[in-house]
S.K.: 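Here it is: the structure, laid out below.
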Protein chains: 2
Amino acid sequence: MSSVDKIDLKIIEMLAADSRRSLADIGNSVDLAPSSVNERIRRLVASGVIRRFTVEVDPAALDRATQIYVWVALREDADEGAFREFAGTDPRIEECHHVTGAWSYLIKLRLKDVSAVEEFLSDLKSANFLGRSETVLALSSPVEAGVIPKGA
Amino acid sequence: MSSVDKIDLKIIEMLAADSRRSLADIGNSVDLAPSSVNERIRRLVASGVIRRFTVEVDPAALDRATQIYVWVALREDADEGAFREFAGTDPRIEECHHVTGAWSYLIKLRLKDVSAVEEFLSDLKSANFLGRSETVLALSSPVEAGVIPKGA
DNA sequence: CAATATCACCGTACTTTTTGCGGCATCCGA
DNA sequence: TCGGATGCCGCAAAAAGTACGGTGATATTG
């Protein structure tokens, strides 16, 4: 079994904080030789526990400083498969969840500014997805992660 | 001014997809010498455009496969500063936004399972933050990022 | 308009890190 | 108790990252 033990967890934590740390450096913290740390990381990646090495970027630098949530009820006749496809492709959509409650989907957007919301909604509408929707703006975010551009 | 030109953007994209790509490899794609790519990355990090090198982890491996949104209205007498402090510290909270609309905060949680929601709400309550709340479960997520553990 | 300063890039030499692999101890199952 | 696996180690080779002086283009200024 691929268990992810205490040491793996510590390694993951260190990599999450700074994935450029050297194997020797990490090895020091977990009391393992560099080659052993390497082997563990290799296994974590191979088993899919670590999905990818990446960078976290300042949203403002990418013109995506504005965070917006949109509750969506799809049209009765909407092609739900096509909608999911659209959601996965559109770079403005950071998250999209099928949710409990009165609405069917919750979409999280990252946009340049609030004026871009209108364009997004009109895109949804012209693709015949949109029944009703409700938009919520994030005014400030005590806890927020940076952006990580979607994989190609 | 720190502009982030076309080339920087491409570099960022490549690093986002795989931050372990070699400078030589990246250099090939943007037609720059390794040392030049290095210099650009150094500047992107120094200027804060790239916030950190990190890893994206499978939520399930960290026992955080369940995504939950909680609308929160703070108690009238709640210490808002303390609440923000709490939100920033609690590892269960992935995001916390002050939002427009009927509720004051929108919190995104990553938990082991739905049963952990109750515990979270009771924590909020016993810290005297909670006025009213409404919980929304994510059933499935067409678009979802992996977890990136908060920095220490 | 010419002299000069600045900037980004390049190539090379140097250092550090990663990677591959044989060998060894330990733990488990037969 | 006897394999057999598993995880770790250390070393050597390969690769990657880093530092830096030099160069040409572009911008600045007298």
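Only this structure's heavy atoms are used, side chains among them; waters, hydrogens and symmetry mates stay out. A note on names: the letters A, B, ... follow the listed sequences, proteins ahead of strands, and every chain is numbered from 1.
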S.K.: Side-chain N or O of B/R40 versus OP1/OP2 of C/dC9: is the shortest distance under 4.0 Å?
M.R.: yes
S.K.: Ignoring the backbone of A/S35, work out which of C/dA8, C/dG20, C/dT18 is nearest its side chain.
M.R.: C/dG20
S.K.: Figure out the CD1/C1' separation between A/I41 and D/dG7, and round it to whole Å.
M.R.: 15 Å
S.K.: Among side-chain atoms of B/S115 and B/D113, is any donor-acceptor pair under 3.5 angstrom?
M.R.: yes
S.K.: Rounded to whole angstrom units, what separation is found between the CD atom of B/E39 and the P atom of D/dG21?
M.R.: 14 Å
S.K.: Please report, rounded to the nearest Å, how far the P atom of D/dG17 is from the CG atom of A/D18.
M.R.: 14 Å
S.K.: Using a cut-off of less than 4.0 Å, is there contact between a side-chain N or O of B/N38 and OP1 or OP2 of D/dT18?
M.R.: yes
S.K.: Looking at B/K10 and B/E13, is there a salt bridge between them, counting it only when a charged N and a carboxylate O are closer than 4.0 Å?
M.R.: no
S.K.: Can you tell which of D/dG17, C/dT18, D/dG7 lies closest to the side chain of B/L23?
M.R.: D/dG17
S.K.: Starting the side chain at C-beta, find the nucleotide from D/dG10, D/dG17, C/dC10 nearest to A/A33.
M.R.: D/dG10
S.K.: Look at the rings of B/F129 and B/F83 and say which category their plane angle falls in: under 30° parallel, 30 to 60° tilted, over 60° perpendicular.
M.R.: perpendicular
S.K.: Would you mind telling me which residue lines up with the more 5' stretch of DNA chain D, A/P34 or B/A24, judged by nearest nucleotide?
M.R.: A/P34
S.K.: Measure from CG on B/D5 to P on C/dA8 and round the result to the nearest Å.
M.R.: 10 Å
S.K.: Tell me: CZ of B/R21 to P of C/dT17, nearest whole Å?
M.R.: 23 Å
S.K.: Could you tell me how far apart A/L32 (CG) and D/dC9 (C1') are, to the nearest whole angstrom?
M.R.: 9 Å
S.K.: At less than 4.0 Å, is any side-chain N or O atom of A/S36 found next to OP1 or OP2 of D/dG7? Yes or no.
M.R.: no
S.K.: Going by atom types alone, do B/E95 and A/S141 pair a side-chain donor with an acceptor below 3.5 Å?
M.R.: no
S.K.: In whole Å, I'd like the distance from the CD1 atom of B/I7 to the P atom of C/dC9.
M.R.: 6 Å
S.K.: Whole angstroms only, please: what is the CG-P distance between A/L15 and C/dT18?
M.R.: 10 Å
S.K.: Just do the side chain to side chain contact (heavy atoms under 4.5 Å, CB included) check on B/D63 and B/L111 with the steps written out, would you?
M.R.: CA-CA 7 Å; B/D63 270 331; B/L111 301 173; over 6 Å; no
S.K.: Of A/R20 and A/D31, whose closest DNA chain D nucleotide lies nearer the 5' terminus?
M.R.: A/D31
